[in-house]
Enquirer: 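Dumping the structure here so I can ask a few things about it.
Hydrogens, waters and symmetry mates are skipped; everything else that's a heavy atom, side chains included, is used.
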Amino acid sequence: MRKSRGTKRGVYLCICVLTAVYTALCAAVRADRILPRTRINGVALGGMTEEEAVLALETEARSRREKTLLTVSFEGREYRIDVGAALEYDSRAAAKEALRPGREPFLARGIFCLKTLILGRDCICPPVTDTEILRKTVASSGLLEADTSVRTSYEEKDDRLIITLGRDGRKVAEEELLEEIPNAVLSGNGEKRIECPTVVSAAEPVDPEKLCEEVYRDAADARLDPENGYEIIPSVTGADLDREQLQGLLASAKQGDTIEVSFTYTDPEVSTEDLEEHIFENVLAECSTSVGGSENRRSNIRVAVDRCNGTILNAGDEFSFNNTVGEQTAETGFKKANAILDGKIIQAYGGGICQVSTTIFEAALYAGLEIPERWCHTYISSYADAGMDAAVAWDALDLRIANNQKYPVKLEVTYENGRLTAVLWGTRAEELPVEIETEILDDSGDFLKVMTYRKIFSADRSHFSIEKIAYSEYLNSGKRVD
């Protein structure tokens, strides 16, 4: 009986001692100090305050970022990537987590303290990855452009297009790689080698229609470059593929195969050599008129002549008298001379330049050029018959001439010894005689009405085409005006 009581007393005493020791252990845990043997990311933080732990963790994180180099292997080639700039560590949150046992309920602190003293406490503070910075870092290594697929290639040789079809390959699985890199960093080994995740990179199939459009080119005649001293721009031979042949070959071809498709070529009408040899070799037409009137009028004619002389028109180009000569003012070099306004003769800057436009108009008629715009005077001109004049007025009446021939045309205008002459130089592909006729439609009233026609004959003059060029209507007073 005494033994039993002694045993109970001993157990009780032991419990009291253990309780006291555990209570003392709980009391020894401080809320502002990290428990001994606590490590985060390999940094020993035991006994540190929160601020001390934050400083220690930030120092370690800075060092880790500086040394975080990963080697990524893609299809036998290695890429070194510095990913440290994309990593951010929340050192404050990690320090608070290390302090958490000291801030648990009083009686729970002893358990954490014993566990930490016996086993230690090792934690990982994972980095927060800035995906955009990481993506840019990976891209700067060139890894994201890595691709083992082979693109379809083309080579034009002789009269054939040689097509080597592409082959499938592998390319970087970008999103998967961006997820795997932070996991490699978490392993704690900044020098870890990663096998790059990949996906199939399919060779782009050949689109027959798109391919034909890409290689197709129109034939283009040689022409002169007005932006480069009128040097010759070389001609281009037109090219097109045999589309039926292409589709048939593609249907039976496999990746990596080489097929050959025939070209169909179209020669230009005017080749580079042709233009070099024959440019401006013929006088297409020439017209002269006698100049009279005042010195001011003759001065205006000289200015207009200088500005028109040397004008070159490529095939399809258009000459505008107003745009070429410009507005007639004292500042632009013109003087006052006779002009007609509302049927009355007045003094106006540029008076007399209509004789230049008229002379050019007549030369263009005989050269067979197109006349998109032409106007007649109020009275029949003293220097041209009815239906053969061309009145101009700045911002109102213009003379426009279009080069409807396949070779360039050059306008040469001169004023010498009282004669105004317009010569059109070009290349005569064939001799097509031109005749100009005027028909009086009505001269019975106050107006004279005239239609101007152009006949263009065949080379042997066996037949001709006729076109209406211009309608003219003059005050039928019998007066002829300069």
Enquirer: Keeping T59 on the side-chain end and L55 on the backbone end, is there a donor-acceptor pair under 3.5 Å?
Expert: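 Checking the backbone N and O of L55 against the side chain of T59, a donor-acceptor pair under 3.5 Å is found.
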Enquirer: Go through the side-chain N and O atoms of S458 and D460 and say whether any donor and acceptor fall under 3.5 Å apart.
Expert: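 A donor-acceptor contact under 3.5 Å links the two side chains.
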Enquirer: With distance as the sole criterion, is a donor-acceptor pair present between the side chains of E75 and T198 under 3.5 Å?
Expert: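 The answer is no; no qualifying pair exists.
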Enquirer: Restricting to non-hydrogen atoms, name the atom on N314 and the atom on P226 that form the minimum distance, rounded to 0.1 Å.
Expert: ND2-CD, 4.3 Å
Enquirer: According to the side chain to side chain donor-acceptor pair (under 3.5 Å) rule, which pairs have a member within residues 340-352, sequence neighbours left out?
Expert: N338-Q347
Enquirer: Report, one line per pair, each donor and acceptor closer than 3.5 Å where one atom sits in a side chain of residues 238-246; sequence neighbours left out.
Expert:
unit_1 : atom_1 : unit_2 : atom_2 : d
D242   : OD1    : E244   : N      : 3.4
D242   : OD1    : Q245   : N      : 3.1
R243   : NH1    : E209   : OE1    : 3.1
Q245   : OE1    : S262   : N      : 3.0

Enquirer: Please list, chain by chain and in numerical order, all residues satisfying salt bridge (charged side-chain N to carboxylate O under 4.0 Å, His left out) with R170, sequence neighbours excluded.
Expert: none
Enquirer: Heavy atoms, side chains only, cut-off 4.5 Å: are L284 and Q405 in contact?
Expert: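 L284 reaches Q405 side chain to side chain.
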Enquirer: Return the set of residues passing side chain to side chain donor-acceptor pair (under 3.5 Å) with E431 (not counting sequence neighbours), or none when no residue passes.
Expert: R428
Enquirer: If you take all heavy atoms of A470 and M451, which pair is closest and at what distance?
Expert: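 Residues A470 and M451, closest heavy atoms: O-SD, 3.2 Å.
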Enquirer: Quick one: does L441's side chain get under 4.5 Å of Y471's, heavy atoms only?
Expert: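 A side-chain contact under 4.5 Å exists here.
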Enquirer: Is a donor from one side chain sitting under 3.5 angstrom from an acceptor on the other, for Y216 and D218?
Expert: yes
Enquirer: Quick one, N403 with L369, criterion side chain to side chain contact (heavy atoms under 4.5 Å, CB included). Give me CA distance, side-chain angles, the key distance, then yes/no.
Expert: CA-CA 6 Å; N403 181 8; L369 301 182; 3.9 Å; yes
Enquirer: Please report the interatomic distance CD1(I162) to OH(Y154), rounded to the nearest 0.5 Å.
Expert: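 So the gap between those two atoms works out to 13.5 Å.
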Enquirer: Using side chain to side chain contact (heavy atoms under 4.5 Å, CB included) as the criterion, list what pairs up with K455, not counting sequence neighbours.
Expert: E435, E437, F457, F464, I466
Enquirer: Does a side-chain heavy-atom distance below 4.5 Å link I279 with K410?
Expert: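 A side-chain contact under 4.5 Å is absent here.
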Enquirer: Show, in sequence, the C-alpha distance, side-chain angles and deciding distance for V356 and F321, and conclude whether the side chain to side chain contact (heavy atoms under 4.5 Å, CB included) test is met.
Expert: CA-CA 9 Å; V356 181; F321 185 88; 3.9 Å; yes
Enquirer: Less than 4.5 Å apart, side chain to side chain, heavy atoms only: is that true for Y474 and D389?
Expert: yes
Enquirer: E195: what forms a side chain to side chain contact (heavy atoms under 4.5 Å, CB included) with it, not counting sequence neighbours?
Expert: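 Per chain and number, E195 pairs via side chain to side chain contact (heavy atoms under 4.5 Å, CB included) with S73, R193.
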Enquirer: Rounded to the nearest 0.5 Å, what separation is found between the CG atom of L57 and the CZ atom of R92?
Expert: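 It is 10.5 Å, given to the nearest 0.5 Å.
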Enquirer: When rounded to the nearest 0.5 angstrom, what is the spacing between CD1 in I301 and CG in D306?
Expert: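 Reported to 0.5 Å precision, the distance equals 12.0 Å.
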Enquirer: Hey, are R223 and D317 close enough for a salt bridge, meaning a charged N less than 4.0 Å from a carboxylate O?
Expert: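 A salt bridge links R223 with D317.
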Enquirer: Please round to the nearest 0.5 Å and tell me the distance separating atom CD of Q328 and atom CG of D395.
Expert: 10.5 Å
Enquirer: Decide, yes or no, whether a salt bridge links E213 with K210 under the criterion of side-chain N to carboxylate O below 4.0 Å.
Expert: no
Enquirer: List the residues meeting side chain to side chain contact (heavy atoms under 4.5 Å, CB included) with S252, not counting sequence neighbours, and say none if there are none.
Expert: none
Enquirer: Hey, are the side chains of Y366 and L424 touching, using non-hydrogen atoms and a 4.5 Å cut-off?
Expert: no
Enquirer: Do T421 and V413 make a side-chain contact, defined as non-hydrogen atoms from C-beta onward lying under 4.5 Å apart?
Expert: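 Heavy-atom side-chain distance check fails, nothing below 4.5 Å.
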Enquirer: Minimum heavy-atom separation for S149 to S201, with atom names?
Expert: OG-OG, 3.2 Å
Enquirer: If you draw a 6.0 Å radius around CH2 in W375, do more than 12 non-hydrogen atoms from other residues or ligands fall strictly inside?
Expert: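 Open.
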Enquirer: Is it the case that more than 12 heavy atoms not belonging to E204 sit under 6.0 Å from its CD atom?
Expert: no
Enquirer: Taking side chain to side chain contact (heavy atoms under 4.5 Å, CB included) as the test, write out the residues that go with R160, two or more places apart.
Expert: K157, D158, E260
Enquirer: Closest approach of E145 and A139, non-hydrogen atoms and distance?
Expert: OE1-O, 3.9 Å
Enquirer: If you look at every heavy atom in A348 and A339, which pair is closest and at what distance?
Expert: CB-CB, 3.9 Å
Enquirer: After noting the C-alpha distance and the side-chain angles of L275 and S235, does the key distance pass the side chain to side chain contact (heavy atoms under 4.5 Å, CB included) rule?
Expert: CA-CA 9 Å; L275 186 57; S235 59; over 6 Å; no
Enquirer: Could you tell me whether the side chain of F361 reaches within less than 4.5 Å of the side chain of I469, counting heavy atoms only?
Expert: yes
Enquirer: Locate the shortest heavy-atom distance separating R298 from Y415; write the atom from each residue and the value.
Expert: CD-OH, 3.1 Å
Enquirer: Answer whether the closest heavy-atom distance between the side chains of L211 and I163 falls below 4.5 Å.
Expert: yes
Enquirer: Closer than 3.5 angstrom, by distance alone: can the side chain of N322 be matched with the main-chain N or O of A396 as a donor-acceptor pair?
Expert: no
Enquirer: Verify the distance criterion only: is there a donor paired with an acceptor across the side chains of T452 and T438 at less than 3.5 Å?
Expert: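 There is no such pair (donor and acceptor under 3.5 Å, judged by atom type) between the side chains of T452 and T438.
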Enquirer: Please report the interatomic distance OG1(T152) to CD1(I259), rounded to the nearest 0.5 Å.
Expert: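 T152 atom OG1 to I259 atom CD1 measures 9.0 Å (nearest 0.5 Å).
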Enquirer: Got a sec, which residues hit salt bridge (charged side-chain N to carboxylate O under 4.0 Å, His left out) with E132, two or more places apart in sequence or on another chain?
Expert: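 R135.
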Enquirer: Would you please name every residue forming a salt bridge (charged side-chain N to carboxylate O under 4.0 Å, His left out) with D147, sequence neighbours left out?
Expert: none
Enquirer: So, the side chain of Q255 versus the backbone of D168: is there a donor-acceptor pair under 3.5 Å, distance only?
Expert: yes
Enquirer: Run the side chain to side chain contact (heavy atoms under 4.5 Å, CB included) test on I81 and T137 for me, step by step, so that the C-alpha distance in whole Å, both residues' side-chain angles and the decisive distance to 0.1 Å come before the verdict.
Expert: CA-CA 7 Å; I81 302 174; T137 302; 3.8 Å; yes
Enquirer: Look up atom CG in L399 and atom OG in S357, then write down how far apart they are to the nearest 0.5 Å.
Expert: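 Output value for this atom pair is 6.0 Å.
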Enquirer: Tell me, yes or no, whether the heavy-atom count around R151 atom CZ, taken from other residues, nucleotides or ligands under 6.0 Å, exceeds 12.
Expert: no
Enquirer: Taking side chain to side chain donor-acceptor pair (under 3.5 Å) as the criterion, tell me which of T427, D221, D274 meets it with Y407.
Expert: D274
Enquirer: Counting distance only, does the side-chain N/O of R217 pair as donor-acceptor with the main-chain N or O of T237 below 3.5 Å?
Expert: yes
Enquirer: So, the side chain of N296 versus the backbone of A337: is there a donor-acceptor pair under 3.5 Å, distance only?
Expert: no
Enquirer: May I ask you to decide if K336's main-chain N or O and N300's side chain share a donor-acceptor pair within less than 3.5 Å?
Expert: no
Enquirer: A quick test of your reading: do over 12 heavy atoms of other residues, nucleotides or ligands sit less than 6.0 Å from CZ of R419?
Expert: yes
Enquirer: How would you list, by chain and number, every residue that makes a side chain to side chain donor-acceptor pair (under 3.5 Å) with E439, sequence neighbours excluded?
Expert: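 Result, side chain to side chain donor-acceptor pair (under 3.5 Å) vs E439: Y453.
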Enquirer: Sort and list the pairs that fulfil salt bridge (Lys or Arg N to Asp or Glu O under 4.0 Å) and have at least one residue in residues 345-372, not counting sequence neighbours.
Expert: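 Applying salt bridge (Lys or Arg N to Asp or Glu O under 4.0 Å) to every pair that reaches into residues 345-372, excluding sequence neighbours, yields nothing.
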